[in-house]
Participant: 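The structure under discussion is supplied below as structure tokens; questions concerning it will follow.
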Amino acid sequence: MTDNKALILRQPDDWHVHLRDGEALADTVAATARQFARAIVMPNLKPPVTTAALGRSYRDRITAAIPPGTDFTPLMTLYLTDHQDPAELDPTVFTAAKLYPAHATTNSAAGVTAIAHIRPMLDTLQRLDLPLLVHGEVTDHDVDIFDREAVFIERTLKQLVNDYPALRIVFEHITTRDAVAFVEACGPNVAATITPHHLALNRNAMFDGGIRPHAYCLPVAKREVHRQALLAAATSGSPKFFLGTDSAPHEVSTKESACGCAGIYNAPVALESYAASFEAMGALDRLEGFASEHGPRFYRLPLNEGRVRLDRTAFTVPDRQTVGQGKVVPFMANEVLNWSFSGPIPPQN
Ligand code: NCD
Ligand code: ZN
């Protein structure tokens, strides 16, 4: 339901989030669980989540960090590596597996160097009917960083989709019109997540009057024409596109550095910033499908029964958030957002 003042949505889920570990968990889990009932939790820890035992213990640490009285379910992912026992793909632990091309992004050094190495894992995923989640960028330094997603489609993803026609694949955090067109042209087994920051920022944001490390993430934001394609896809109503924040906190000093980390911490303002982008497109009525329906349908999980409410109450995003012992600059810091998240609403009879 939408009117001018309130937006009531079926409780959404986040289909791509980095909760980190250790002291960070209390804050990251609280921020995500405040808005989302479930989240697909990325496995790029140090060391990465490469076994069922590691997945189980990480899930236990996340569960222990859920604020009392909050209903939140972490959905775990296995980090794929070159040499892995398919028995690690335990469906009682993992909802999906994540393909990081080696060295593509934060903590991906142990990732996959060639698809040939993970054929046994891909066969097993297809047989178990578990989705493969893909960080879609080539890592070749000869390829321009702004072209790495489009080149990945040509060099890797097309073949993968061809070779595993029954495998469900999520092309994560897409950033280009090429990715939108590719996903649209595939069958219903191929979908994509879209982040709030890629809907809001183009690549100019990283160089706005000076270098802006808090607008830097991977895949890096692209030209405006690509942002427009992402907005069109997210608001199209197509079940192939759904919410995945890629919320990825890095402590301030590791971003504001001569070699700053990639990642944007958007969990504290996730729904508010998606709402801003959908409203700018005149498509607030499409937000519920994107945020709360397309993801569970793709993952073949039940839709959430609860409802949440956003109110048209402007607020200024704080310039710092506490994450564990450190401070993180959140997405949209110091900016005004017009929709405020007000929390769950009581069930209607
Ligand atoms: C993520 C991180 O920091 O873990 N960073 C990012 O820029 N998105 C890794 C990732 O999803 O690529
Ligand atoms: Zn990510």
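This structure is a prediction, so every number in the text was calculated from the model and none was measured. Every number for a ligand or one of its atoms is a count from 1 in the order of the listing.
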Participant: I'd like to know whether the aromatic ring centres of His173 and His135 sit less than 6.0 Å apart in this structure.
Facilitator: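 Yes.
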
Participant: Quick one: pull up OG1 in Thr28 and OH in Tyr265 and give me the separation to the nearest 0.5 Å.
Facilitator: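 These two atoms lie 6.0 Å from each other.
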
Participant: Strictly under 4.0 angstrom, heavy-atom based: which residues surround ligand 1?
Facilitator: His16, His18, Arg20, Asn44, Thr105, Thr106, His135, His173, Cys217, Leu218, Asp246, Ala248, His250, Ala262, Gly263

Participant: Which residue, Glu172, His198, His16, forms the side chain to side chain donor-acceptor pair (under 3.5 Å) with Thr193?
Facilitator: Glu172

Participant: Are Phe146 and Val220 side-chain neighbours, meaning at least one heavy-atom pair lies under 4.5 Å?
Facilitator: yes

Participant: So if I apply the side-chain contact (heavy atoms from CB on, under 4.5 Å) rule between Asn44 and each of Asn107, Val49, Thr77, which one comes out positive?
Facilitator: Asn107

Participant: Any cation-pi pair here, Arg34 with Phe341, using under 6.0 Å and within 45°?
Facilitator: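 Pair Arg34/Phe341 does not count as cation-pi.
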
Participant: One pair to check against side chain to side chain donor-acceptor pair (under 3.5 Å): Thr176 and Lys222. What are the steps and the verdict?
Facilitator: CA-CA 7 Å; Thr176 56; Lys222 309 294 193 297; over 6 Å; no

Participant: Can you list, by chain and residue number, the protein N, O or S atoms under 2.8 Å from the Zn ion (ligand 2)?
Facilitator: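 Counting only protein N, O or S atoms under 2.8 Å from the Zn ion (ligand 2), the list reads His16 NE2, His18 NE2, Asp246 OD1.
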
Participant: Atom CG in Leu78, atom OG1 in Thr51: separation rounded to 0.5 Å?
Facilitator: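 Taking CG in Leu78 and OG1 in Thr51, the distance rounds to 8.0 Å.
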
Participant: Kindly compute the distance separating CD1 (Ile169) from CG (Leu132), expressed to the nearest 0.5 Å.
Facilitator: 5.5 Å

